[in-house]
Structure formats: C-alpha cells, structure tokens
J.: 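Quick one: the structure is below, and I'll ask about it shortly.
Computed from a prediction, not measured in an experiment: that's the story for all the values here. Just so you know, these numbers use all the heavy atoms, side chains as well, and skip hydrogens, waters and symmetry mates. So that the names make sense, note that chain A is the first sequence line, chain B the second, and so on, each numbered from 1.
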Amino acid sequence: MLDIALIRERPDWVKAQLAKLFDDETPARIDKILELDERRRELRTRIETKQGARNRLNRAMGKLRGNRQMNDGTKSGLVLAATAALKRDDTDRALAILEGESATDAADDDGFQAAFDGLIAELRAMGQGIDDGFAEAKTIESELEAQMLWIPNLPHDSVPVFESEDENVAGVPVGEFREFDFEPKPHWELGPALGMIDFESGVKLAGTRAYVLRGWGARLQRALISFFLDSARDNGYTEFYPPFLVYGEMLYGSAQFPKFKDTVYGLEGEGKFMIPTSEVALTNLHRDEILEEAELPLNYVAHTSCFRSEKASAGRDVRGIKRVHQFEKVEMYKFTTPDNSYDELETMTRQAEAICAQLEIPFRRLEIVSGDLGFSASKKYDIEMWSPGCGEWLEVSSCSNTEAFQARRAKIRYYPGGTRKTQFVHTLNGSGLATPRVLIAIMENYQQADGSIVVPEALRAYLGGASVIDTDQA
RNA sequence: GGAGAGGUGGCCGAGUGGUUUAAGGCGAUGGUCUUGAAAACCAUUGUACGGUCUUCCGUACCGCAGGUUCGAAUCCUGUCCUCUCCGCCA
C-alpha cells in the first residue's frame with residue numbers, strides 16, 4: 001500500500017510514477033482516493049470537535065454528580081444553568097459551568113433529579129448528529145481503504161521505463177553453454193523415459209498441470225531443496241517451516257489480495273487459503289509488530305509448497321512441468337531498514353545467482369522493466385537458467401524489493417535511530433530457488449546421448465554420492 | 001465433537017457504569033550518585049488518524065462486530081481466537 005499522505009501531497013508525481021507501469025486503470029483510482037480523503041478529513045474534523053465537547057460535558061456531569069463536597073441544591077443550580085446554556089447552543093458556557101469555573105444560584109433540593117434529567121435530555125439531543133457522522137466516516141474510510149488496496153507499488157528511479165517484458169534488460173550470461181554432439185531432448189521426454197516424471201498419473205490424480213515425480217525425480221527434487229536451504233543458511237538466513245494454509249488477512253498483508261484473489265486456492269468459508277509463495281507466510285510472521293532496529297536486517301528462509309491456479313495463463317506452457325499448480329520453492333526473505341534495502345536486494349540477488357553457479361548451469365540476470373514489475377515490487381531482478389532441451393530461458397528466481405509496500409499493509413514497523421516515531425521497514429523476497437524449473441534445467445543441461453543424466457557435483461552429497469541418473473533403480 | 005476458563009499497552013497485570021483521562025509492576029530511555037559499573041533514587045515512556053502538523057490540541061483504540069446508555073474496558077448479543085480437561089483419530 002502507498003502512503004496516503006504522499007498521494008495527498010504529491011498527486012501528480014504519484015500519477016506520473018504510476019504511468020510508468022502502463023496500467024491505465026489506476027489514475028482514476030487516485031482521483032477517487034483524493035476525493036474520499038478530502039471528504040473524510042472534513043467530516044472527521046467536524047464531528048470530532050463535537051464529540052470532544054460531548055465527552056467533556058459527560059465527564060463533567062459525572063464528576064459533579066459524585067461530588068461529596070457540594071450539596072444537591074448547589075449541584076442542581078449548576079446543572080440547570082448548564083442546561084440553559086446548552087439550549088442556547090452555548091457549549092463553552094455549559095462546560096465552564098459544569099467544570100466549576102462559575103457557580104450560580106442554588107435551586108431547591110427537590111429539583112435535583114429533575115435538573116439532571118433535563119441536562120441528560122440536552123446531551124442526548126447533542127449526540128444525534130455525532131453517531132451519524134461517525135457512521136458516515138466509517139463508510140468513507142472503508143471505501144478509501146478498498147481503493148488504496150488496488151494501487152500498485154511505485155517503481156524505483158533506477159527501473160528502466162518500458163511497457164513490455166520483451167524489453168527486460170538481460171545481463172551477460174554466466175557459465176558455459178554446453179556443446180551437444182546430439183540433439184538435446186526436452187525434459188518431458190527425458191523424465192518419463194527415466195521414470196522420473198509420470199505425467200499420466202499426475203493427470204489421473206489431479207488433472208491438467210499436475211505431475212508425479214518418481215524415483216530419481218522425487219529424490220533429485222528433495223536433494224535440491226536441502227541444497228538450497230543449506231546455501232541460505234550458510235549465508236546467514238534462519239530457516240522456517242510455516243503453515244501453507246493461512247488466513248486471508250495474510251494475503252492482504254503480502255499484497256496478493258485483493259487483486260489476485262481468483263488465482264489463489266482456499267476455503268472461502270473458513271477464510272483460509274493455500275499460499276501461492278512462502279513470501280505470504282514470511283511477511284506476516286511480523287505482522288502488527290514493532291521490530292528492534294538493532295536486529296535488522298532479519299534474514300529468513302523457508303521451503304514450502306506453493307499453490308497457484310494459473311488462471312491468468314490458461315493454455316500457456318501446458319507441456320512439461322514448467323508451469324504447474326503445485327510446486328516447491330525455497331524463499332529468501334529480508335526485513336530491513338529503508339536505508340539498506342537496495343544494497344540488500346543486490347546481496348540477495350547475488351546469493352541466488354551463486355546457487356545457479358554452484359549447479360554449473362548457464363544463467364543470466366534480467367533487470368525487470370517498469371511495465372513488467374508486477375503489483376508489489378519497486379525493483380525486481382529475475383534469474384533465468386538456460387534449458388537446451390526446450391530451447392528457452394527458464395525463470396528460476398525472482399528477487400524484489402517491495403520497500404514499505406507490504407510492511408505498510410502488514411503493519412511491520414521499527415523505531416529509527418531511537419526516535420519515538422515509528423517507521424515502516426522495507427521487505428525483500430527472492431527465490432533461492434524454485435524446484436520444478438531447476439529440475440528441468442538439470443535434466444536438460446546434464447543429459448547424455450544415452451538418455452542418462454549426470455548429477456551436478458554440488459548435489460551428489462545429497463544423493464548418496466550418486467553421479468549418474470539412469471534407468472537403474474533410484 | 002463435549003465441557004470449562006480466558007483475550008486489557010513492548011511484556012506481566014489491576015480494573016463490575018461517571019473522581020480511570022487504563023492503577024501497579026517489569027522492561028526501555030534520560031538524569032542524580034559513582035573512577036567506571038551495579039544498586040538505589042527521580043523523571044519520561046502505547047498506536048493510529050486529524051487539526052493553522054507545535055513534542056500543543058482533539059478523536060479513536062482494552063480480540064473483532066453490533067447493541068443498551070447522557071456516558072461502556074466494565075452491561076447485553078453475535079463472532080473469532082487461545083488455553084485446560086474429556087472423547088475420537090493419526
């Protein structure tokens with residue numbers, strides 16, 4: 001979520017930033033937000049003043065009623081005078097009387113209860129407009145909130161401004177492209193031949209985009225997950241195992257909701273949803289908390305399954321295991337101070353690249369252009385591995401700095417420099433890495449003419465020392 | 001699934017309709033003392049929103065949402081969550 005104050009104070013600048021996203025829906029929302037914000041503030045100022053007066057009057061009346069030093073007659077006199085003042089709409093005078101600045105004529109004791117009843121009637125009348133005002137304010141505020149939740153994050157100045165993902169700036173590929181003396185096969189041929197991937201069973205159990213890993217396939221994936229987690233731990237990340245099924249609020253916190261609600265699986269009745277990425281769980285670990293500055297940055301890592309309906313990409317990448325409903329991902333996550341977040345983004349991206357390098361698979365970094373940033377990132381790098389079988393670059397990691405966008409939604413703050421004023425932290429997320437795709441890259445890069453697959457050095461320790469995957473028993 | 005208990009500031013915890021404008025403690029911060037530290041003592045110390053954006057004022061917030069009342073942390077209703085015991089199951 002953006003800072004409402006920023007929108008209020010620099011609406012044209014915000015619109016210019018949003019224009020870089022080539023999203024023609026948001027400018028109208030900004031205008032709507034400005035209007036709602038204006039109405040909200042005008043209304044609140046008005047009713048809060050009135051409410052303040054009512055609160056003071058009520059308090060003063062309560063105090064007066066319980067006053068043991070004063071006799072009933074004197075009290076009645078004050079109350080009658082205050083009531084008269086209120087009838088003339090002279091709130092200040094009524095307050096002055098009740099709060100003891102001036103006494104008036106004593107009435108007789110018999111009038112005590114009647115005097116208070118008269119005042120209460122005045123106060124009741126005074127409350128009429130106030131309740132309606134608060135109700136209206138609440139309506140406006142929830143409308144405002146709903147609009148705010150649809151505004152995407154603003155791009156960082158360093159992000160290249162282009163509309164299409166085709167313009168993403170590709171870095172120089174790292175690693176050696178292997179020379180094949182045979183035609184490299186795609187994983188959807190290699191997998192079934194080696195008994196590693198069973199597409200038929202996947203479809204039988206769960207339909208399109210479902211798959212079963214078998215034998216070496218399942219073991220290789222497990223090895224990769226362990227390898228990824230260990231790498232992250234070596235880099236100082238603390239490992240977590242979070243729930244995969246979380247409350248809907250968490251998805252608002254990490255900004256999948258409301259925009260991408262129809263791409264997430266869940267139990268609407270229970271208000272719980274399957275996470276599309278561990279980022280959802282990790283972000284919300286510190287929801288509603290004020291963190292200690294000294295403990296920042298927090299570096300977390302988690303392996304979870306991820307669930308995505310892929311509604312937006314229906315019909316695309318239906319072959320193989322590149323785009324599936326359920327996959328495994330190891331996610332790095334950082335909570336940082338605003339000052340350090342961009343340095344941390346570089347660090348995190350390099351860490352993801354280092355994993356690719358250790359697997360000895362050619363990879364490249366893409367600097368994502370403004371039009372392809374997605375909803376919550378201010379800046380994003382993708383890392384792609386080369387897949388000689390299907391002949392394409394596969395996105396295996398995506399590293400983003402969301403700045404305060406998620407932190408503001410999830411209310412994750414800290415006190416900067418010992419001050420008393422809270423500030424939102426910055427949050428970063430980056431895959432390190434995602435398995436079905438790395439599995440593809442390994443199979444296709446390490447395949448041999450006879451259809452067997454060489455195990456990358458870095459993974460052998462996780463597979464009992466095995467160096468080759470073939471049709472032998474896994 | 002059944003029965004019960006409970007949700008109050010960073011933490012613990014008091015508070016059964018108006019002198020509560022959330023006591024007290026812990027922690028934290030500043031100060032006094034000290035060669036330094038500890039201890040002791042003194043002071044300060046919630047969040048959000050708004051206001052001529054000021055260490056000034058106002059409003060809201062005691063799980064959440066409604067309701068009663070002139071006035072609700074306190075009473076009523078609903079709801080969510082946590083804990084304990086029992087039952088069932090891996």
J.: Between G71(B) and Arg124(A), is there an OP1 or OP2 to side-chain N/O distance shorter than 4.0 Å?
T.: no
J.: If I pick the C1' atom on C41(B) and the same atom on U47(B), what distance separates them, to the nearest angstrom?
T.: 31 Å
J.: Under 4.0 Å between any heavy atoms, over every strand shown, what does Lys50(A) touch: base, sugar-phosphate, or nothing? Just pick one.
T.: nothing
J.: For nucleotides 60-62 of chain B, which of its nitrogen or oxygen atoms have a protein nitrogen or oxygen under 3.5 Å away, and what is each distance?
T.:
| unit_1 | atom_1 | unit_2 | atom_2 | d |
| --- | --- | --- | --- | --- |
| A60(B) | OP1 | Gln51(A) | NE2 | 2.9 |
| A60(B) | OP2 | Asn55(A) | ND2 | 3.4 |

J.: NA contact type, Arg8(A), heavy-atom cut-off 4.0 Å: base, sugar-phosphate, or nothing?
T.: sugar-phosphate
J.: Test: salt bridge (charged side-chain N to carboxylate O under 4.0 Å, His left out). Region: residues 221-248 of chain A. Which pairs qualify, not counting sequence neighbours?
T.: none
J.: Tell me whether Asp262(A) is salt-bridged to Lys311(A), with the criterion being a basic N under 4.0 Å from an acidic carboxylate O.
T.: no
J.: When both hydrogen-bonding distances must be under 3.5 Å and the geometry is Watson-Crick or G-U wobble, what is C49(B) paired with, if anything?
T.: G58(B)
J.: Is the Tyr265(A)-Phe307(A) ring centre distance short of 6.0 angstrom?
T.: no
J.: Does the structure show a Watson-Crick or G-U wobble partner for U69(B), both distances under 3.5 Å? Name it, or say none.
T.: none
J.: Out of C70(B), G50(B), C81(B), which nucleotide sits closest to the side chain of Arg41(A)?
T.: G50(B)
J.: Are Phe199(A) and Tyr211(A) an aromatic pair, judged by ring center distance below 6.0 Å?
T.: no
J.: If you find the nucleotide of RNA chain B closest to Arg56(A) and the one closest to Arg40(A), which residue's nucleotide is nearer the 5' end?
T.: Arg40(A)
J.: Just name whichever nucleotide pairs with U32(B), Watson-Crick or G-U, keeping both distances under 3.5 Å, else none.
T.: A40(B)
J.: Determine the Euclidean distance between corresponding P atoms of A23(B) and C62(B); express it in Å to zero decimal places.
T.: 15 Å
J.: Just name whichever nucleotide pairs with A14(B), Watson-Crick or G-U, keeping both distances under 3.5 Å, else none.
T.: none
J.: Verify whether the ring centers belonging to Tyr237(A) and Tyr333(A) lie closer than 6.0 Å.
T.: no
J.: Can you tell me if Gln406(A) and Thr427(A) form a side-chain donor-acceptor pair at under 3.5 Å?
T.: yes
